[in-house]
Protein chains: 4
Amino acid sequence: MGNEPRPLRADARRNRDRLLEVARGAFAAEGVSVPLDEIARRAGVGPGTLYRHFPTKESLLEAVVRERVRRLVDRAQALRHDEDPAAALFTLLDQVVEDAAAKADLVDTLAGAGVEIRTALTTDVTRLHAEIGHLLIRAQDSGAVRGDIGIADLMTVLGGVLYALRHLGAGATREHVVAILYDGLRTGAPA
Amino acid sequence: MGNEPRPLRADARRNRDRLLEVARGAFAAEGVSVPLDEIARRAGVGPGTLYRHFPTKESLLEAVVRERVRRLVDRAQALRHDEDPAAALFTLLDQVVEDAAAKADLVDTLAGAGVEIRTALTTDVTRLHAEIGHLLIRAQDSGAVRGDIGIADLMTVLGGVLYALRHLGAGATREHVVAILYDGLRTGAPA
Amino acid sequence: MGNEPRPLRADARRNRDRLLEVARGAFAAEGVSVPLDEIARRAGVGPGTLYRHFPTKESLLEAVVRERVRRLVDRAQALRHDEDPAAALFTLLDQVVEDAAAKADLVDTLAGAGVEIRTALTTDVTRLHAEIGHLLIRAQDSGAVRGDIGIADLMTVLGGVLYALRHLGAGATREHVVAILYDGLRTGAPA
Amino acid sequence: MGNEPRPLRADARRNRDRLLEVARGAFAAEGVSVPLDEIARRAGVGPGTLYRHFPTKESLLEAVVRERVRRLVDRAQALRHDEDPAAALFTLLDQVVEDAAAKADLVDTLAGAGVEIRTALTTDVTRLHAEIGHLLIRAQDSGAVRGDIGIADLMTVLGGVLYALRHLGAGATREHVVAILYDGLRTGAPA
DNA sequence: GATGAATGAGCATTCATTCAT
DNA sequence: AATGAATGAATGCTCATTCAT
């Protein structure tokens, strides 16, 4: 196809990496409204260079998010055949939560719904859904997780939890928030 | 003190109401970044008229959010002495959820953290917290709701749920999302 | 001609006077950029009322300025036949300076050049020029005031002095500024 | 420290110069209220470009004024040790007048009072005051200039004269206006 | 390939003027 | 005649995107 990203020159690669790194931090800390000029400045390149690597702001956002999604997909795959299915699910959720807790405005944009996500990301998100779905079903089959919910429900709730974690009110703790989610997922809740 | 907002002229009242209505919808659907000019346009008035009623964007946001908060405070107060404390709490949560389900980027901005909330709103939000806190404690005392969480945890989770409901993924249902939250709040969840 | 301002109703007269009074103070203190709404508010009337009396902002400005000009014309006329022509001139200048010293952005707009002055004022300004011109010529004829300048020069310098008085630098005094002008006008300056 | 304004690219330099030129003319002719967009338009650039060079309106004003002030400081310094102190002072005043005659609403804003002047300019203005003050004292010591006035008086009067020159009434001449100022400054004027 | 200057539509806000009540 | 709500053009400033160097 000649369509795959031909290997970049070393300096270009370096710039791209630095831009992603800076963007990750900036979006996480200040939200998606950070000006691109600012990201370029912090990365020590001109805005034109940023543009060469990411032709629109959205494409930069996408790249940042994709990275995270892929990492989660990897983790989910590693847990695919875990012996304790419920533990596997909660371990992954722990990782998602861990990963996103400190992160930001994009993670929830992503996890929340896929609302604004474009084509390129769809594949990765779909795969993540599939992997988590696999873990969910195994956990449900084991009897430890309630059987009345589907993967879409879980993903939606997860988005909400990520959002909540980024907006922990004074006096609230991550542990409590996560505990409520986990207990709500488990069977054994009263009729 | 003669300081109360004297009754508006009929046409002004009409415009103010229309502006609030449009703003409510616009903020809910598109987020707080909707241009004021756009809100004015949709309400069929000039930007100057919007300004006359709401001298800054924040004041408009505040007015929209305040309306909702006050309604919830009223509802909470009506449940204050309900015979079944747990039922009272869940009834209020139902109402919050109902109210906010289709609504808003602001409600969660509100419930989520109080991120950008100014003086005028603080009072109302504080009162809402207090009322829900009262219901929570009564429900905990009755033994039906887990005792290890505080009002801050509940408000934070609630914010997350509202967020989730606004971003229901395809295949997810409001009932399932809410069920997970409610069961997570109840006692009886396994250790 | 039926064109002269028919006598106003008592309340209208009162409003007009109050508006002029407020406008005088506001323009003097804050400059011509004071919003009309603000002037109306301070006068305790609606902007519509202001508009009824002064159909444009400029017309209000004009009215304020005209008042001052007319008072000066009256004073000049009173000095027309004074026994000491030079003293008469300097007395009038004193009065102009006195009048304008505390005043403001309009006086110099006026005195400076007539730059922005419209038809209605022209007559009054012309009369003021004529009166001061008369005093100037008498003072020149008496030998006390330099003969090489004309009324236009004097008016221009006067505008500059008024301007200077409104912008007295720290450490400068009105007396010194005026002394320089007066001495510059007198004969007897060295060749 | 590598902190000096690195040389601009040729095109940027050209734009910056053109903007300054246009701003100089516009402020001079129409006053400081000229819209920035208008200045940009006349310079043939977008408002963003203006912003790149001058991030606020005030900074543009400052730049325009600073240029003039610095030129005058230079001229004053060249006259510091002139043999004829009174001639030196009047020569500088001539230059100020010459420079500003056709110019500007800002120059007088500057000379007049320092009304709106910010930090960056303060230094230059202070230096100009100091230089003119030096010339004034030398001229006074020589006996040719009246001893009862200070530098603040002179600067204030100078501001007024600049103002007057920009508002030369019909029939008035620059020579007459300046002659009045100069003679007012000289000794020998009658008591 | 990199740079950073230029672009220009867009935003929140202001205010002289008009007009329904 | 007074009121004050509405209008809408205009302003200073921002920033994603484009393009000359």
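A note on names: the letters A, B, ... follow the listed sequences, proteins ahead of strands, and every chain is numbered from 1.
- The salt bridge (Lys or Arg N to Asp or Glu O under 4.0 Å) check on C:Arg41 picks up C:Glu38, with sequence neighbours excluded.
- B:Glu38 has its CD atom 11 Å from the P atom of E:dA12, to the nearest Å.
- One can place CZ of B:Arg13 at 17 Å from P of F:dG4, the figure rounded to the nearest angstrom.
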inquiry  = Could you go through B:Leu60 and B:Phe27, starting from their C-alpha distance and side-chain angles, then the distance that decides it, and tell me whether this counts as side chain to side chain contact (heavy atoms under 4.5 Å, CB included)?
reply    = CA-CA 10 Å; B:Leu60 176 58; B:Phe27 284 145; 4.1 Å; yes
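- Checking F:dA2, E:dC15, F:dA16 against the side-chain heavy atoms of C:His53 singles out F:dA2 as nearest.
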remark   = Annotated structure of DNA chain F as dot-bracket, pair cut-off 3.5 Å, Watson-Crick or G-U only, | for inter-strand, is .||||||||||||||||||||
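- Atom CZ in D:Arg41 sits roughly 11 Å away from atom P in F:dT11 (whole-Å rounding).
- At whole-Å resolution of the value, CG in B:Leu50 and P in E:dA12 are 10 Å apart.
- One can place CD1 of B:Ile39 at 11 Å from P of E:dC11, the figure rounded to the nearest angstrom.
- In this structure, the CZ atom of C:Arg16 is 15 Å from the C1' atom of F:dA1, given to the nearest Å.
- Taking CG from A:Asp124 and CZ from A:Arg68, the interatomic distance works out to 14.0 Å, rounded to the nearest 0.5 Å.
- Close to F:dA2, at under 4.0 Å from its OP1 or OP2, lies a side-chain N or O of C:Asn15.
- Picking from E:dT7, E:dT3, F:dA2 the nucleotide with the shortest atom distance to the side chain of D:Val45 gives E:dT7.
- Distance check, rounded to the nearest 0.5 Å: CZ of A:Arg52 to CG of A:Asn15 gives 11.0 Å.
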inquiry  = Between A:His53 and A:Leu19, is the side chain to side chain contact (heavy atoms under 4.5 Å, CB included) condition met? List the steps.
reply    = CA-CA 9 Å; A:His53 289 293; A:Leu19 280 167; 4.0 Å; yes
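- The two residues D:Leu20 and D:Phe54 make their nearest non-hydrogen contact at CG-CZ, 3.9 Å.
- By the neighbour-count criterion of 12 heavy atoms within 6.0 Å, atom CD of D:Glu67 is densely surrounded, having more than that number from other residues, nucleotides or ligands.
- What you find for D:Ile39 and D:Val22 is that their closest heavy atoms are O-CG1, 3.6 Å.
- For the pair D:Gly44 and A:Thr49, nearest-nucleotide mapping onto DNA chain E gives the more 5' position to A:Thr49.
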For nucleotides 17-21 of chain F, tabulate all protein N/O to nucleotide N/O atom pairs closer than 3.5 Å, reporting atom names and distance.
{"residue": "F:dT17", "atom": "OP2", "partner": "A:Lys57", "partner atom": "N", "Å": "2.9"}
{"residue": "F:dT18", "atom": "OP2", "partner": "A:Tyr51", "partner atom": "OH", "Å": "2.7"}

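- In terms of heavy atoms, A:Ala23 sits closest to A:Val64 at CB-CG2, 3.8 Å.
- Nucleotide F:dT7 holds its P atom 9 Å from the CZ atom of B:Arg18, rounded to whole Å.
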